[in-house]
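Got a structure for you, written out below as structure tokens; questions coming shortly.
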Amino acid sequence: MTVMETRTAPAEGHYTISEVATATGLTAHTLRWYERIGLMPHIDRSHTGQRRYRDRDLRWLTFLGKLRTTGMPVADMVRYAEWVRAGDHTFAERQELLEQTRQDVRARIAELQDTLAVLDHKIGSYVVARNEAAVSADVAAGPRAT
């Protein structure tokens, strides 16, 4: 279970950096770095200065994780975040960046599929070779006494 599933907080929860680190798998250091470089600039603070993440921040971090999985460079992620903060008039730029990323992901999937086919072929050749070697060994051993 994640922090979001186990909390009995109000509809818009408040999470500490350690709770968010546990929920996302990111380190506290990474979360602070994301804030410093502009990926998470809107993190609320408690009266003592402790970071207080909200559900929307967790959703944003989930999206950032997906962007990282695509291989998108952090600089592009920061640019995307800046466009989001700039408002609706940046929809075209955001869409273009995501479409380019989608093309990159599709190309990477195709490359991985080709690589998988090569591996499958090679594995298949070893299966055949081992089976042939086993048959040869049985023939060389001669008939078995029963």
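The model shown is predicted, which means the values in this text are computed figures rather than measured ones.
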Exercise. What's the spacing between Ile17 CD1 and Arg52 CZ if we round to 0.5 Å?
Worked result: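 Answer for the CD1-CZ pair, Ile17 versus Arg52, is 11.5 Å.
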Problem set entry | Pairwise salt bridge (charged side-chain N to carboxylate O under 4.0 Å, His left out) hits with a residue in residues 109-119, at least two apart |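 For residues 109-119: none.
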Problem set entry | Value rounded to 0.5 Å, distance of CG in Leu97 from CE in Met77 |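 Going from CG on Leu97 over to CE on Met77, the span is 10.5 Å.
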Exercise. Are the side chain of Arg56 and the backbone of Trp60 linked by a donor-acceptor contact shorter than 3.5 Å?
Worked result: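 Not confirmed, Arg56 side chain does not pair with Trp60 backbone.
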Problem set entry | Evaluation steps, side chain to side chain contact (heavy atoms under 4.5 Å, CB included), between Thr27 and Trp33 | CA-CA 10 Å; Thr27 65; Trp33 180 65; over 6 Å; no
Exercise. Leu39 and Pro41: which non-hydrogen atoms are nearest, and at how many Å?
Worked result: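 Reported closest heavy-atom pair: C-CD, 3.4 Å.
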For this session: Please confirm whether the backbone N or O of Leu98 pairs with a side-chain atom of Arg102, one donor and one acceptor, at under 3.5 Å?
Result: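 A pair under 3.5 Å: no.
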Problem set entry | Note: Glu35-Arg45 ion pair, threshold 4.0 Å (strictly below) |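 A salt bridge links Glu35 with Arg45.
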Problem set entry | Backbone of Thr16 reached by a side-chain donor or acceptor of Glu19 within 3.5 Å |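 The answer is yes, because a donor-acceptor pair under 3.5 Å joins these two groups.
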Problem set entry | Side-chain H-bond candidate by donor/acceptor type, Asp44 with His14, under 3.5 Å |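 No pair is found: no donor N or O on one side chain lies under 3.5 Å from an acceptor on the other.
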Problem set entry | Euclidean distance, Thr30 OG1 relative to Arg68 CZ, rounded to 0.5 Å |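 Those atoms lie 10.0 Å apart.
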Problem set entry | Passing candidate, side chain to side chain donor-acceptor pair (under 3.5 Å) with Tyr15, options Asp57, Thr22, Asp55 |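 Considering Asp57, Thr22, Asp55, a side chain to side chain donor-acceptor pair (under 3.5 Å) with Tyr15 is found only for Asp55.
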For this session: To the nearest 0.5 angstrom, please state how far the CZ atom of Arg51 sits from the OG atom of Ser18.
Result: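 Reported value, rounded in 0.5 Å steps: 12.0 Å.
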Exercise. Is a side-chain donor or acceptor of Thr62 paired with a backbone partner of Leu58 at a separation under 3.5 angstrom?
Worked result: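 Between the backbone of Leu58 and the side chain of Thr62 there is a qualifying donor-acceptor contact (under 3.5 Å).
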For this session: Mark yes or no for whether Thr90, through its side chain, and Glu93, through its backbone, hold a donor-acceptor pair below 3.5 Å.
Result: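 Such a contact is absent between Thr90 side chain and Glu93 backbone.
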Problem set entry | Atom of Ala28, atom of Ala21 and distance for their closest heavy-atom approach |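 For Ala28 versus Ala21, the nearest heavy atoms are N-CB, 4.2 Å.
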Exercise. Can you tell me how far the CD1 atom of Ile43 sits from the CZ atom of Arg32, to the nearest 0.5 Å?
Worked result: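 One gets 12.5 Å once the value is rounded to the nearest 0.5 Å.
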Problem set entry | Candidate pair Leu26 and Tyr34, rule side chain to side chain contact (heavy atoms under 4.5 Å, CB included), full reasoning | CA-CA 10 Å; Leu26 298 170; Tyr34 276 12; 4.1 Å; yes
For this session: Look up atom CE in Met72 and atom CZ in Arg79, then write down how far apart they are to the nearest 0.5 Å.
Result: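 Result: 8.5 Å between the selected atoms.
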Exercise. Is the shortest heavy-atom distance from the side chain of Leu64 to the side chain of Leu61 under 4.5 Å?
Worked result: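 SC-SC contact between Leu64 and Leu61 confirmed.
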Exercise. With a 3.5 Å cut-off and no angle check, do the side chains of Glu99 and Gln103 form a donor-acceptor pair?
Worked result: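 The criterion, which ignores hydrogens and geometry beyond distance, is not satisfied for Gln103 and Glu99.
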Exercise. Val105 and Leu67: same hydrophobic cluster, using ILVMFWY side-chain contacts below 4.5 Å?
Worked result: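 No.
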For this session: Mind running side chain to side chain contact (heavy atoms under 4.5 Å, CB included) on Tyr80 and Phe63 for me, showing each step along the way?
Result: CA-CA 11 Å; Tyr80 184 88; Phe63 179 67; 3.5 Å; yes
Exercise. Counting N and O atoms only, with roles assigned by atom type, does the side chain of Arg85 sit under 3.5 Å from a partner on the main chain of Gly38, one being a donor and the other an acceptor?
Worked result: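 Checking the backbone N and O of Gly38 against the side chain of Arg85, a donor-acceptor pair under 3.5 Å is found.
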Exercise. Counting only N and O atoms by type, is there a donor-acceptor contact under 3.5 Å from the side chain of Arg108 to the main-chain atoms of Thr70?
Worked result: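 Yes; judged by distance alone, with no hydrogens or angles, the pair exists.
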